[in-house]
Chemist: 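Provided herewith is a single structure, encoded as structure tokens, for subsequent inquiry.
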Amino acid sequence: GQNIDQPTEMTATEGAIVQINCTYQTSGFNGLFWYQQHAGEAPTFLSYNVLDGLEEKGRFSSFLSRSKGYSYLLLKELQMKDSASYLCAVRDMAGGFKTIFGAGTRLFVKA
Amino acid sequence: DGGITQSPKYLFRKEGQNVTLSCEQNLNHDAMYWYRQDPGQGLRLIYYSQIVNDFQKGDIAEGYSVSREKKESFPLTVTSAQKNPTAFYLCASSLTRTPSTDTQYFGPGTRLTVL
């Protein structure tokens with residue numbers, strides 16, 4: 001079957017670093033996405049990993065280990081505007097390349 | 001500006017009424033999707049379309065219908081058969097349905113409340 005797990009909520013301090021973990025189980029893994037979603041708004045694309053390793057994009061980095069079914073999103077130099085939900089999504093070749101979304105991790109950044 | 005638009009942002013309907021949610025994109029994307037988002041749950045796929053005049057059921061298609069008469073438009077009808085229609089509905093599109101180009105981009109969403 002398909003399953004994506006990520007923590008429900010996290011709290012971090014402005015200026016700090018936070019790591020949001022995601023574990024997944026799929027029949028035919030074919031890529032992992034991270035999206036940011038502010039309350040009541042659309043998810044916006046942050047990153048895409050299909051090979052093992054770290055992808056860095058400014059203050060955000062995303063890591064993938066396919067053998068462990070594991071990814072994390074690393075946010076550096078946290079800002080108040082980073083308070084949002086972060087959605088982990090996995091593309092699965094089974095059933096026609098569907099993208100399966102996790103429930104999201106709500107990040108609260110405090111001063 | 002290119003993008004995906006959904007209207008309206010908020011929608012209220014009485015129980016038993018059908019309602020149609022609009023989704024338009026000018027990104028020249030082939031594929032379009034409808035998701036439903038409920039508190040504490042991931043996005044769930046309702047319907048998707050890879051090409052004009054063709055669409056496929058997602059995981060929770062019961063009580064919903066769609067059409068894809070134009071590349072730019074993918075309206076979703078929530079019918080009276082949908083048992084729990086109150087939710088946040090998100091439309092998305094991607095360039096094509098092939099793996100290398102199917103990063104999905106989302107519209108602003110429509111929050112439907114059935115009274």
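Values below: all heavy atoms of this structure, side chains included; hydrogens, waters and symmetry mates excluded. Residue numbers begin at 1 in each chain, while the letters A, B, ... track the order of the sequences. Treat the numbers as computed from the prediction; the structure is a model and nothing was measured.
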Chemist: Relative to chain A, which segment of B:Gln104 carries a heavy atom at a distance below 4.5 Å: side chain, backbone, both, or neither?
Modeler: both

Chemist: Look at atom CG of A:Leu54 and say whether more than 12 heavy atoms of other residues, nucleotides or ligands are closer to it than 6.0 Å.
Modeler: yes

Chemist: Within the supplied structure, the quantity of interest is the number of heavy atoms (other residues, nucleotides, ligands) at a distance under 6.0 Å from A:Gln19 CD; does it exceed 12?
Modeler: yes

Chemist: About how many Å separate CZ of B:Phe106 and OH of A:Tyr35, when rounded to the nearest 0.5 Å?
Modeler: 5.0 Å

Chemist: Honestly curious: do A:Leu87 and B:Tyr105 fall in one hydrophobic cluster under the side-chain, below-4.5 Å linking rule?
Modeler: yes

Chemist: Take a 6.0 Å sphere around CD of B:Glu62 and say whether it holds more than 12 heavy atoms from other residues, nucleotides or ligands.
Modeler: no

Chemist: At a 4.5 Å cut-off on heavy atoms, which part of B:Leu90 comes close to chain A: side chain, backbone, both, or neither?
Modeler: side chain

Chemist: Quick one: pull up OH in B:Tyr48 and OG1 in A:Thr99 and give me the separation to the nearest 0.5 Å.
Modeler: 10.5 Å

Chemist: Could you state whether A:Leu73 and A:Phe29 fall into the same hydrophobic cluster, counting links through intermediate Ile, Leu, Val, Met, Phe, Trp or Tyr residues with side-chain heavy atoms under 4.5 angstrom apart?
Modeler: yes

Chemist: Is the number of heavy atoms from other residues, nucleotides or ligands under 6.0 Å of B:Lys83 NZ greater than 12?
Modeler: no

Chemist: Would you mind checking which part of A:Gln6 comes under 4.5 Å of any heavy atom in chain B, side chain (CB onward), backbone (N, CA, C, O), both or neither?
Modeler: neither

Chemist: Between A:Glu41 and B:Phe88, what is the shortest heavy-atom contact and its length?
Modeler: O-CE2, 3.8 Å

Chemist: Which residue out of B:Ala92, B:Gly58, B:Pro108, B:Gly109 racks up the most heavy-atom pairs below 4.5 Å with chain A?
Modeler: B:Pro108

Chemist: Pick whichever of A:Gly31, A:Ala42, A:Pro43 has the most heavy-atom pairs under 4.5 Å with chain B.
Modeler: A:Pro43

